[in-house]
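What follows is a short report on a single structure.
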Amino acid sequence: MGNQLPPGQFETTSWPILHQGDVYKFNDETWTFKLFGEVIKERILSYDEVMKLTKAVSTIDMHCVTTWSKFGTTFEGIPLRELLKLVEVNDDVKYIKIYGYYNGDPYGYSANLPLHALLGDDALFVYRWKDVDGDWQDISPKHGYPLRFIPPSSFYLWKGSKWATGIEFMKEDEAGFWEELGYSMTANPFKEERYR
Ligand SMILES: Nc1nc2c(c(=O)[nH]1)N[C@H]1C(S)=C(S)[C@@H](COP(=O)(O)O)O[C@H]1N2
Ligand SMILES: [Mo]
């Protein structure tokens with residue numbers, strides 16, 4: 001997509017912080033990542049198991065529905081397709097919900113997405129990013145440490161769950177946290193799909 005400003009957006013070079021509720025406090029001994037829903041067998045992964053998966057580096061534009069866009073942030077993380085390899089999903093799985101922490105509930109936040117759009121390097125569960133000096137920095141607690149989903153730039157950034165805790169596989173599309181409150185199911189910034 002590269003440096004294209006979607007309609008109704010403005011460019012920012014800072015990385016704003018935006019979320020509901022409190023900031024998750026990471027504990028690597030209790031943290032888990034769950035793969036569930038329409039799968040033959042559910043899997044619960046520890047922090048070490050997740051961090052041993054194949055990684056990728058990708059430069060991604062972020063578009064927040066509140067109208068800021070940040071171009072070209074380089075992230076390192078685990079592509080969604082690597083997690084997909086760990087489960088056998090049922091026939092006709094077309095959608096997923098990515099869960100994240102919200103106010104004491106590890107699965108309190110969620111966002112729905114179509115699985116077919118998430119098989120590239122630009123659908124990443126990230127843990128570090130390159131700052132303006134080109135130095136790697138851990139994702140800060142406020143941006144979603146230890147693991148935070150960044151969606152491809154063809155989705156608004158609310159689809160990027162901070163403090164990610166799991167993926168639910170689904171046959172039908174189902175609204176997540178913001179979608180329940182009236183935001184778009186498909187959320188393409190270039191088509192300005194903000195609400196539904
Ligand atoms: N767990 C969780 N993830 C979340 C949110 C949230 O409230 N809780 N807000 C979303 C919204 S609306 C946006 S715009 C981005 C903001 O990410 P940033 O603060 O890292 O820029 O996080 C998304 N992920
Ligand atoms: Mo947002």
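Indexing begins at 1, ligand by ligand and atom by atom, following the structure's order.
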Look at ligand 1 and say whether [X] reaches it with a heavy atom at a distance under 4.0 Å.
X: Tyr102; answer: no
X: Tyr99; answer: no
X: Trp178; answer: yes

task: List every atom of ligand 1 that sits less than 4.0 Å from any heavy atom of Ile17, numbering the atoms from 1 in the order shown and giving each element.
output: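 Result: 19 (O).
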message: If the cut-off is 4.0 Å to any non-hydrogen atom of Trp15, which atoms of ligand 1 fall inside it?
response: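 Counting from 1, the qualifying ligand atoms are 18 (P), 20 (O), 21 (O).
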Any nitrogen or oxygen of [X], main chain or side chain, under 3.5 Å from a nitrogen or oxygen of ligand 1?
X: Leu18; result: yes
X: Gly100; result: no
X: Tyr101; result: yes
X: Lys162; result: yes
X: Trp68; result: no
X: His143; result: yes

Is a donor from one side chain sitting under 3.5 angstrom from an acceptor on the other, for [X] and [Y]?
X: Gln137; Y: Asp131; answer: yes
X: Tyr95; Y: Glu172; answer: no
X: Glu193; Y: Thr186; answer: yes

So which heavy atom in the protein is nearest [atom], and how far is it from that ligand atom?
atom: atom 12 (S) of ligand 1; result: Trp158 CB, 3.5 Å
atom: atom 24 (N) of ligand 1; result: Gly160 O, 2.8 Å
atom: atom 8 (N) of ligand 1; result: Tyr109 CD1, 3.3 Å
atom: atom 7 (O) of ligand 1; result: Gln20 N, 2.8 Å
atom: atom 21 (O) of ligand 1; result: Pro16 O, 2.7 Å
atom: atom 14 (S) of ligand 1; result: Cys64 SG, 3.3 Å

- prompt: Could Asp121 and Arg81 be called an ion pair, given the rule that one side-chain N must be under 4.0 Å from one carboxylate O?
  reply: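 A salt bridge is present here (some side-chain N lies under 4.0 Å from a carboxylate O).
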query: Do NZ/NE/NH1/NH2 and the carboxylate oxygens of Glu179 and Arg196 come within less than 4.0 Å?
result: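 Arg196 and Glu179: not salt-bridged.
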task: With heavy atoms under 4.0 Å as the rule, classify the contact between Phe177 and ligand 1 as side chain, backbone, both or neither.
output: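 No part of Phe177 is near ligand 1 at this cut-off.
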Interatomic spacing from [atom1] in [X] to [atom2] in [Y] - rounded to 0.5 Å:
X: Glu49; Y: Ile44; atom1: CD; atom2: CD1; answer: 10.5 Å
X: Tyr101; Y: Tyr24; atom1: OH; atom2: OH; answer: 8.5 Å
X: Leu115; Y: Met170; atom1: CG; atom2: CE; answer: 10.0 Å

- request: Over 60° means perpendicular and under 30° means parallel, so classify the ring planes of Trp31 and Tyr47, tilted if in between.
  value: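 Rings of Tyr47 and Trp31: perpendicular, over 60°.
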query: Which heavy atom in Leu86 sits nearest to a heavy atom in Arg43, and how many Å separate them?
result: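 Closest heavy-atom pair between Leu86 and Arg43: O-CD, 3.2 Å.
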message: In this structure, is the centre-to-centre distance between the rings of Tyr107 and Tyr102 below 6.0 Å?
response: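 Not under 6.0 Å, so no.
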task: Sort out for me which residue in Phe155, Tyr156, Trp158 forms a side chain to side chain contact (heavy atoms under 4.5 Å, CB included) with Ser184.
output: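 So, applying the side chain to side chain contact (heavy atoms under 4.5 Å, CB included) to Ser184 and each of Phe155, Tyr156, Trp158, only Trp158 qualifies.
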Option whose closest heavy atom lies nearest to atom 15 (C) of ligand 1, chosen from Met62, Arg148, Lys159, His19: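 Answer by nearest heavy atom: Arg148.
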